[in-house]
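In what follows, chains are A, B, ... by sequence order, proteins preceding strands, each numbered from 1.
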Amino acid sequence: MSRSRLEGQPIGYLFIAPALLLFAIFIFAPLFGSLYLSFTEYTVIRSPHWIGFANFHTLLFRDPRFWTAFRNTVYYVVGVVPTGIVISLVLAAALEDLPRGKQVFKVLYFIPTITSVVAIAAVWKWLFAGEKYGLINYVLIRLGLQPIDWLLSPKWVMPAVMIMSIWAGLGYNMVFFSAGISTIPQTLYEAATVDGANWWERFWHVTVPMLRPTLIFVVVMGIINSFQVFEQVYIMTGGTGEGIGGVLDSGLTMVSYLYDQGFVKFRMGYASAIAYLIFGFVFLLTVIQNRLRAR
Amino acid sequence: MTRAWISVVLCGALAAGCGRSSSTKSDGLTMWLVGSEAQARAIQTLSEPFTQRTGVHVRCQAISWGEAHSKYLTAVAAGVEPDIGTMGLTWGVEFGRLGALVDLRQAFSQDVQTIQQQTFPGLWQSIEQDSQLYGIPFDVSVQVLYYRTDLVPAPPHTWQELTTLLEQLQQANRRMMIDWGNLSWIGYAPFLWQAGGSFYNPQGTAPTLNTPEAVQALEFFRDLYTRYGVPRTAIPVEQGLRTGDFPLVLSGNWKIVGLTVSAPDIAGKWSIAALPKGPTGRATAFLGGRTMAIFARPNKHEQAWQFVRYLYEPAVQLQLYEKGVKTQDAYLPPNIQTWDQLPMDPVMKAVLKQQASEGKGPPAAVGWTETTNVLESAIQEVILQGADPTVELHKVNEAMEHSLKSK
């Protein structure tokens, strides 16, 4: 855009000013504020006290809970992102071929996305109730399987949170895929059909390659969002004993650890350092993904 | 990450907003109630006679348990505290040490003396430390043993009777459930006290979880899960009692109203009993509750104290309880005088009173709240992963010592 064109439209700045102002106050200022705090010891009551890289040093080398949280988060991302994407992609493709009721199903699948995660997690907490008292276990028993101590056994806390998150995230991804699919020229499908391709072959050889840009976007967003998983952990592991994270920290993720340190223990400096480490990880992952995409 | 920081700013803005509305209204008192909206409204209604009597207006706002602790802390940091706040039992010591609360022992010593005599001693130990008192009891909750009268011939009176009963029940595929304190230090606490142990020495200067009593209690608590089938999972109390699969349940007194409302089909088939006595012959239960504290900065200490005293009057507590029954906020009054008029089944009332009188709350020692998660994971390591109780408790004891000294 040339300089003269910008000068010709000063009114444009006025239009974006409110948004910019809000962005500056509520995003940029806290962003840099927390960067500063990550180098301090700050308990809210007393003013911040500069301690250099001590928070980061402790986190990376002396805090086993942080690494537990890191492992759990990676486990969550690996468990949720691919599964969620595969299911929602297949669903989106299947919905496109429905002769009628397409919109109804789209709405149904999208409802969890616009429902508060807190409400969803609270309901799923009941579904995950122990022994035969939870609906999920009831079904398992009916199928002749053993009931699972979902939310109070170190092995199953994370899978329980993952199952819920995959379910709750289906609609969001599906909308992107549906939009992507509707841009694929119908002629490609017709040509494939003429060549004798069945539904799965058309899905695999037409839909998936044509959706590459959408897929990359959904994967990147999925990883960024999953890395910051919080509400479901907070609701599903909270209230059972001491604080957040579930039995033996089996459900502790990085943002929930941040919350625990910052808003329960009020170590704001330490929590800010965690925030910047999360930022670092997400940034690194995104850079790697961009490299892969460029190839 | 950005989300977290947006919430920081929002929290601050909220706290500031609330505070400003209260501080500009210099003619009245503001009270924050940690709990339900319904109970805040009940207090608002109950404040009317107080306003007529004294001319002081009261505004009571509910804040939820989840955000209460951070809301108080940010309010203190921003200098926009309410005049009165209800809080968890151990918060008073914490906020008091920050200088945010009025030391009531010092400011109103005469009244405090009277109040102390009217309430349960175990509760008092949790809120007073080194002759500093940052709040008086607002309500009390207590652990009791629920049992199905048609399935359990008699509630167990001792640990021995409990295990014998559990063995008998197991043969009929019935078990016990621990609800309030499941896999947690709150569930371990009564057994610790019943075994003659404690978290700290009486002066609160040294932790005492490296004692044989503490180990014995943890072994007993573990065996309830590993040997006697207490579920290591969460099951709704109402369901367990209704089906009869769990004819014994260790839970809090609030389930009395809960069961009456949501399990009418077993009405008359269940009752409550005191916890079984441990080796010491005591049936100590865990006590929870809220306190009412006065914030130092707003400087309306005298008026605030009058209202706090008013809420402690038996007649007012009785009304609060009666309103609470309808909204499932029926927490027990801390003033023993109120109990005579409490509309409740006399048998249950006797059990609750006995348990509250013998019960103990969380320790008021320095560094306690910072180490509960260490204790909690030790208990879970022992029960879920088969770790050695002695080794784990020694580790916890060291952590508690460290936390005590670093303050």
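Atom CH2 of B:Trp65 has more than 12 neighbouring heavy atoms from other residues, nucleotides or ligands inside a 6.0 Å radius. Remark: B:Asn173 CG is loosely packed, at most 12 non-hydrogen atoms of other residues, nucleotides or ligands lying under 6.0 Å away. Around atom CZ of A:Phe28, no more than 12 heavy atoms belonging to other residues, nucleotides or ligands sit under 6.0 Å away.
In this structure the side chain of B:Ser70 reaches within 4.5 angstrom of the side chain of A:Phe266, judged on heavy atoms. At a threshold of 4.5 Å between non-hydrogen side-chain atoms, the residues B:Asn373 and A:Lys265 count as touching.
Heavy atoms of B:Glu381 lying under 4.5 Å from chain A belong to its backbone as well as its side chain. For chain B, the nearby part of A:Tyr259 is the side chain; its heavy atoms alone come within less than 4.5 Å. Contact annotation for A:Val282: neither backbone nor side-chain heavy atoms come within less than 4.5 Å of a heavy atom of chain B. For B:Leu73, the parts lying under 4.5 angstrom from a heavy atom of chain A are both the backbone and the side chain. The contact between B:Phe246 and chain A is made entirely by side chain atoms (from C-beta outward), counting heavy-atom distances below 4.5 Å.
For residues 60-71 of chain A, a heavy-atom distance under 4.5 Å to chain B picks out A:Arg65, given by residue number.
Taking NZ of A:Lys132 as the reference point, atom CD1 of B:Ile235 lies at 9.0 Å (rounded to 0.5 Å). One distance of note links CD of B:Gln380 with OG of A:Ser153; it measures 11.5 Å at 0.5 Å rounding.
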Can you list, pair by pair, the side-chain donor-acceptor contacts under 3.5 Å of residues 138-152 of chain A, counting residues two or more places apart and other chains?
from, atom 1, to, atom 2, distance (Å)
A:Tyr138, OH, A:Arg142, NH2, 3.2
A:Trp150, NE1, A:Asn137, OD1, 3.0

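Residues passing the salt bridge (charged side-chain N to carboxylate O under 4.0 Å, His left out) test with A:Glu131, sequence neighbours excluded: B:Arg175.
Nearest heavy-atom pair across B:Ser377 and A:Leu248 is O-CD2, 3.3 Å.
Among residue pairs with one or both ends in residues 223-234 of chain B, those qualifying as side-chain hydrogen bond (donor to acceptor under 3.5 Å, both in side chains) are B:Asn182-B:Tyr225; sequence neighbours excluded.
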